[in-house]
Amino acid sequence: MTDQRTDPEQRIAIVTGGGRGIGAAVGRRLARDGMAVALVDLRQEDADAAAAEITAAGGRAVGVAADVSDEESVAGAVGRVEAELGAPTVLVNNAGILRDNLLFKMSVDDWDAVLGVHLRGAFLMSRAVQKHQVDQGWGRIVNLSSSSALGNRGQANYSAAKAGMQGFTKTLAIELGPFGVTVNAIAPGFIETAMIAQTAERMKVPLETFLTEAAKQIAVRRVGQPDDVAAAAAYFCSEEAGYVSGQVLYVAGGPLS
Ligand code: NAP
């Protein structure tokens, strides 16, 4: 068994939703920091494309197709990572979807789909990976929450899921801390990805206008980029962050309250 506790170069990370957007940026960053990275995404071709970018830059990566909300699919994905790269000890629960609607128009399917990917997905992935972390006596889990956890019109399902991620994070931090595992959450504000393009489309606002108007409301007067979130994830996954656990870091270009 390789010793991931003492040798950072041996560490193996899984990033869910790693095929694009924030997940792909986190994968690139962890690979740059020396980890082997498995990018888990719904479509094999998306996961492979993100992995190819990392390997082209000299890193180690594989793409793995899986649906994080499905128990069997998660077991298969984590098993494949173990077989192809080794036992994973770093997990970034990033996969996410939006199904926005005002409460009176929100369907049960929209509710279940969002809770299923974000919360059930993070639960299934964390439960599968913690075994390897406990075996190694070392690990890092980073959960993607959102500023929407504080409430956002049209996102009852998403804000409930993202607030749930914060409680989930704090509880795992308590349970896994004795085994050398830290668990933290990142709550991004407005980050320029396909998810934002989807929101602009729903609101019938041209993307450029949506971005410009959003930037005016943000303290640092710009929208966030996936690398802004990747930098925070890299910190939580680092050796130096070993005494930081159960925290929620807002990466939003300003304070939120
Ligand atoms: P994105 O561009 O939409 O990427 C999300 C990725 O997750 C996609 O590749 C998607 O695959 C994948 N995915 C969806 N359902 C999945 C499932 N069941 N199993 C595996 N993979 C799945 O989103 P993003 O903006 O990078 O967001 C990443 C995370 O940050 C999400 O949790 C999001 O809620 C959170 N966040 C984003 C923002 C923002 O402003 N962008 C703000 C706060 C929080 P497909 O492409 O096949 O759908």
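Nothing fancy with the numbering, it's 1 onward along the sequence. As the structure lists them, so they are numbered: ligands from 1, and atoms in each ligand from 1.
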My understanding is that we take every heavy atom of each candidate and find the minimum distance to atom 42 (C) of ligand 1. Doing that for Gly116, Gly189, Ser146, which one comes out nearest?
Gly189

For atom 14 (C) of ligand 1, which of the options Ala149, Gly18, Gly96, Gly17 provides the nearest non-hydrogen atom?
Gly96

Residues [X], [Y]: salt bridge by 4.0 Å N-O rule:
{"X": "Asp227", "Y": "Arg29", "result": "no"}
{"X": "Glu175", "Y": "Lys170", "result": "no"}
{"X": "Glu239", "Y": "Arg5", "result": "no"}

Counting only heavy atoms, which portion of Gln198 has something under 4.0 Å from ligand 1: side chain, backbone, both, or neither?
neither

Is it the side chain, the backbone, both or neither of Thr16 that has a heavy atom closer than 4.0 Å to ligand 1?
neither

Atoms of ligand 1 close to [X] [distance to a heavy atom under 4.0 angstrom, numbered from 1]:
{"X": "Asp67", "answer": "17 (C), 18 (N), 19 (N)"}
{"X": "Arg43", "answer": "46 (O), 47 (O)"}
{"X": "Phe190", "answer": "40 (O)"}
{"X": "Ile97", "answer": "14 (C), 15 (N)"}
{"X": "Gly21", "answer": "26 (O)"}
{"X": "Tyr158", "answer": "33 (C), 34 (O), 35 (C), 36 (N), 43 (C), 44 (C)"}
{"X": "Asn94", "answer": "28 (C), 29 (C), 30 (O), 31 (C), 32 (O)"}
{"X": "Ser145", "answer": "44 (C)"}

State whether the number of non-hydrogen atoms from other residues, nucleotides or ligands found under 6.0 Å of [X] atom [atom1] is greater than 12.
{"X": "Glu201", "atom1": "CD", "answer": "no"}
{"X": "Leu103", "atom1": "CG", "answer": "no"}
{"X": "Arg153", "atom1": "CZ", "answer": "no"}
{"X": "Gln44", "atom1": "CD", "answer": "yes"}

Does [X] share a hydrophobic cluster with [Y], counting links as ILVMFWY side-chain heavy atoms below 4.5 Å and allowing steps through other members?
{"X": "Val81", "Y": "Leu42", "value": "no"}
{"X": "Leu115", "Y": "Val108", "value": "no"}
{"X": "Ile196", "Y": "Leu98", "value": "no"}

Any nitrogen or oxygen of [X], main chain or side chain, under 3.5 Å from a nitrogen or oxygen of ligand 1?
{"X": "Thr193", "answer": "yes"}
{"X": "Val117", "answer": "no"}
{"X": "Leu144", "answer": "no"}

Considering heavy atoms of the protein only, find what lies nearest to [atom] and give residue, atom and distance to 0.1 Å.
{"atom": "atom 19 (N) of ligand 1", "value": "Val68 N, 3.1 Å"}
{"atom": "atom 40 (O) of ligand 1", "value": "Ile191 N, 2.8 Å"}
{"atom": "atom 16 (C) of ligand 1", "value": "Leu42 CG, 3.6 Å"}
{"atom": "atom 3 (O) of ligand 1", "value": "Arg20 NH2, 2.7 Å"}
{"atom": "atom 10 (C) of ligand 1", "value": "Asp41 OD1, 3.6 Å"}
{"atom": "atom 26 (O) of ligand 1", "value": "Ile22 N, 2.8 Å"}

Donor + acceptor pair across side chains of Gln136, Thr89 (<3.5 Å):
no

Distance-only donor-acceptor check, side chains Ser245 and Asn184, under 3.5 Å:
no

Using heavy atoms and a 4.0 Å limit, tell me yes or no: is Glu192 in contact with ligand 1?
no

So for Ala66, does at least one of its heavy atoms come nearer than 4.0 angstrom to any atom of ligand 1?
yes

Roughly how far, to the nearest 0.5 Å, is CE of Met106 from CH2 of Trp111?
7.5 Å

Ring-plane angle category for His118 and Tyr158, please: parallel below 30°, perpendicular beyond 60°, tilted otherwise.
perpendicular

